[in-house]
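Data first, discussion second: the structure below is written as structure tokens.
We count residues from 1, following the sequence as given. Bear in mind the structure is a predicted one, so any value in this text is a computation, not a measurement. When a ligand or atom number is given, it counts from 1 through the structure's own listing order.
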Amino acid sequence: MNSPNKTEPDTGAQSTTAAALAAAGDRQSAQDIGALDAAAAAVDRKLGATRVGLVERLIYGPAPSLEELRAGGRIARRLEQLEQPVITTALASLAAGEAFTADGKLTDAIRTAVSRERAYGFTIPLTHGGAGGEYVELAGIEEALAANGLGPLAVEISGQLTIGAGSILGYGSDEQRSTFLPLIAEGNLMGFALTEVGVGVNAKKIAAYVETDDLGSYRLFADGARNKLWITNAVHSGLLGVAARIGKDGDEIGLFVLHVPDSDVMDEASDYEFRCEPSHVAAFTANYNSRLHFRNFPIPKANRIPGDGVEVLFYCLRMGRCMLAAMAAGYQRMLARDASYYARRRIGVGGPVIQHELPRLAIGKMLGGSLQSRSLAYLSLQQDASGVDLAGLRDLTKSAAASCAVESMLACEHVLGGRSFDARSRVNAARVNLHLFGVVEGEDDLIRLGMVRDVTQAFVRAYLAPLLDGIRSANVSDDGEPVPARERILVLGPASFFRHPRRSFAALGTVVKHPALWRLARWIVKNAGADLARLLLRALPAAALPRYAAFPSSLRGHVRFAERRLRALKWRYLTLSCCYQLELTRAQIPLQRLGLCIEHLVSMLVMCCHAAERDDSQQQVAALQAQLLKDKYDAVKLIGSLREIARLRRATAGVAEHIESDSMSLFADLQAEQFAHAWDEEPPPGAEPGGAD
Ligand SMILES: Cc1cc2nc3c(=O)[nH]c(=O)nc-3n(C[C@H](O)[C@H](O)[C@H](O)COP(=O)(O)OP(=O)(O)OC[C@H]3O[C@@H](n4cnc5c(N)ncnc54)[C@H](O)[C@@H]3O)c2cc1C
């Protein structure tokens, strides 16, 4: 448990979470999460990280060196010295008024200009016609583009290189790399089509499928509810990675790369149908975003990428999430720039707006959000490149960046007032994209739940899983059948002993006799001893401790606070596990709160370490943002509020019950609007998708 070197990744057996969900009677979630976990575990095996993830080490030890945490700041310094022709070319195009069309779309002119600088092949190796750049350099470009009002170009290039080229680089055969990477590097847009009309986050449930013909080639069916929806960068004449089931009822999900036809093919003369139309989405409006229809569409045998489609997506998402954070950093710098320019000139009540504390705080929040996002992005990329498992860090990097970007948008609106809604402004254009950042590349709260699972997984496996198995055994009757749902014991406690004394005592006996309990007891004694010893050092100021002495005085207290509280989170997780036992995997409210605690503390720590490598202005920003993060952390009610959480969960369930049983009187006489697609024409979840087109 205490080794910083990575042990064998999950072998693909049922994940602990899936097992716990199954035991809690939630078979559907157990199946879905088990399938997604298996894909994630396969990515872990492929990446073969040699060191345990940073977040896990911050909580369970051994503590990483502060040098390791400061690496991102040094990268930022290095990047500032580099001149990137992609950025200068893009900015020249923007200054010449050539970047956007009159209706706000990216122009072919800017695409052609940056393509000459190999923007679309920036991280593709030189041997395949790319620029051979590093991902951290790409992050610098992404940030700079977004900071200068070219967020849509950043979105396009990020998609092109992370889930586009990334899938072929990671999983493509030599032949596929030689064929497709040069095309991508030349600037042929590539999208990645997983989402369907009928399937969103539950990626393993996609219903598009291929049939195999006699020669081993494929025919793709993505019709009706199987249409691929909201696919960024999907455009006529471009390239596309499409995830589809092998066989209509097959379990295997394949990934295929194809040339998108130059135009729609919907006439009866052809033996297949294809249509690419705008998806009518109000975010990423400057980009291509499409709904794709395929019926009997031919795909050559050689175009199947060897790998599971969802696994490839997860593989690519780790880079996508870091790039999203870099873009969020850029967007927030842009908001802060425009807001501070305005605040210095605009005379508010009692003088220029900038002279007042609240607008100053709002601008500080935007800058702080930017530095937080940037520091997380660079450190994640640096960790990935040096063989550290990115589990935990890649996820909170994304959720923290997306969340603070929305907060910065609100802060900007408070400073800019009505002008922030000027339809011609870049601030206004940023709004929907920043909101969308919370949904794409993984929805923030789901990501937080996954992050908590990832960073506690080794501890759960070593100490808790065998004990939970003991409780699980109480839910099997004498004849080996599972007991009915309402009689299940999920938490071994006074209530279960009162209601099911025989089974509860039997479970208690199993738990007490299990060696894991004594292992856990030893773990508790050892860690409590170490934490008590540290308690003695708390009397000393941070400046007196060699670990923090070299830090700027404005930051060292925050670094020490974040490290201490992260270490203390292991006790919080243990307390939650003891209180919720088999119920924990379904207790999303406390788990999300724990995720937020981790996110705030890691952000605080990483940002302060990053800023320690930068100038005084950034250190001031970091000190302010660290204080704001501390306030947020303090506001999260968790262990001391378990009764309140229980009330909240009961009240939430009560509301949901009325919604599910159609008895919510606040909905009386209200019709829901059906948009994006007509639900009534679609099959219910889990049913066979129909041909509603
Ligand atoms: C502009 C835009 C661009 C996009 N680009 C692409 C692209 O290029 N390629 C692609 O494949 N997809 C793309 N997407 C799809 C995007 O990734 C999806 O929107 C996302 O995966 C979520 O799917 P959904 O919106 O259908 O949500 P749903 O699956 O319908 O989920 C609805 C909500 O329920 C929540 N939820 C679901 N299950 C649980 C649970 N167990 N516990 C708690 N909450 C839960 C989800 O978090 C979500 O917030 C894009 C979307 C948009 C809007």
Side-chain angles (χ1 to χ4, degrees), residues 17-18 21 24 26 28-37 151-152 155-164 166-167 189-208 222 225-235 238-244 253 255 260 276 278-292 309-310 312-314 316-317 320-321 323-324 395 398-399 402 432-450 452-453 585-589 591-592 595 652 656 675-677 679 682 685-686:
T17 311
L21 283 165
D26 192 346
Q28 172 110 47
S29 294
Q31 270 172 9
D32 292 351
I33 296 215
L36 294 171
D37 280 354
V155 164
E156 188 163 291
I157 294 172
S158 170
Q160 174 90 347
L161 292 170
T162 58
I163 48 178
S167 57
L189 287 185
M190 176 159 176
F192 187 103
L194 183 111
T195 306
E196 296 175 0
V197 171
V199 183
V201 290
N202 202 359
K204 275 277 184 180
K205 287 279 169 50
I206 57 164
R226 303 183 188 96
N227 273 182
K228 296 292 178 181
L229 186 63
W230 299 319
I231 310 306
T232 310
N233 287 358
V235 61
L239 296 166
L240 189 71
V242 188
I253 292 182
L255 182 65
V260 182
C276 173
S279 60
H280 302 299
V281 74
F284 291 0
T285 46
N287 300 91
Y288 294 110
N289 193 279
S290 307
R291 176 174 175 156
L292 299 154
V310 178
V312 180
L313 175 76
F314 285 179
C316 298
L317 277 185
R321 288 180 181 169
M323 292 309 149
L324 184 143
D395 307 321
K398 189 275 176 184
S399 55
V432 275
N433 284 8
L434 293 183
H435 272 277
L436 184 72
F437 279 4
V439 171
V440 288
E441 311 266 352
E443 189 268 331
D444 286 349
D445 276 335
L446 280 185
I447 281 188
R448 289 188 183 106
L449 298 181
V452 170
R453 280 210 319 265
T585 43
R586 293 197 306 172
Q588 291 190 337
I589 294 174
L591 284 177
Q592 183 245 24
T652 306
F675 58 97
H677 65 282
W679 279 106
E682 307 294 353

Verify whether one side chain among N289 and S279 offers a donor that lies under 3.5 Å from an acceptor in the other.
-> yes
State, to 0.1 Å, how close G309 and L255 come at their nearest heavy-atom pair, and which atoms those are.
-> CA-CB, 4.1 Å
I'd like a table of the close N/O pairs between ligand 1 and the protein (anything under 3.5 Å), one pair per line with both atom names and the distance.
unit_1: ligand 1; atom_1: 5 (N); unit_2: W230; atom_2: O; d: 2.7
unit_1: ligand 1; atom_1: 5 (N); unit_2: T232; atom_2: OG1; d: 2.9
unit_1: ligand 1; atom_1: 8 (O); unit_2: T232; atom_2: N; d: 3.0
unit_1: ligand 1; atom_1: 8 (O); unit_2: T232; atom_2: OG1; d: 3.4
unit_1: ligand 1; atom_1: 9 (N); unit_2: F192; atom_2: O; d: 2.8
unit_1: ligand 1; atom_1: 11 (O); unit_2: L194; atom_2: N; d: 2.9
unit_1: ligand 1; atom_1: 11 (O); unit_2: T195; atom_2: N; d: 2.9
unit_1: ligand 1; atom_1: 11 (O); unit_2: T195; atom_2: OG1; d: 3.1
unit_1: ligand 1; atom_1: 12 (N); unit_2: T195; atom_2: OG1; d: 2.6
unit_1: ligand 1; atom_1: 29 (O); unit_2: V201; atom_2: N; d: 2.8
unit_1: ligand 1; atom_1: 42 (N); unit_2: Q588; atom_2: NE2; d: 3.0
unit_1: ligand 1; atom_1: 47 (O); unit_2: E443; atom_2: OE1; d: 3.0

Of the options I231, I206, L229, L292, which is the one that meets E196 in a side-chain contact (heavy atoms from CB on, under 4.5 Å)?
-> I206
Hey, does D444 have a side-chain heavy atom less than 4.5 Å from the side chain of K398?
-> yes
Can you name the one residue among I447, L446, L449 that meets side-chain contact (heavy atoms from CB on, under 4.5 Å) with D395?
-> I447
Within the distance-only criterion (no hydrogens, no angle test), does the side chain of K204 pair as donor or acceptor with the backbone N or O of I253 below 3.5 angstrom?
-> no
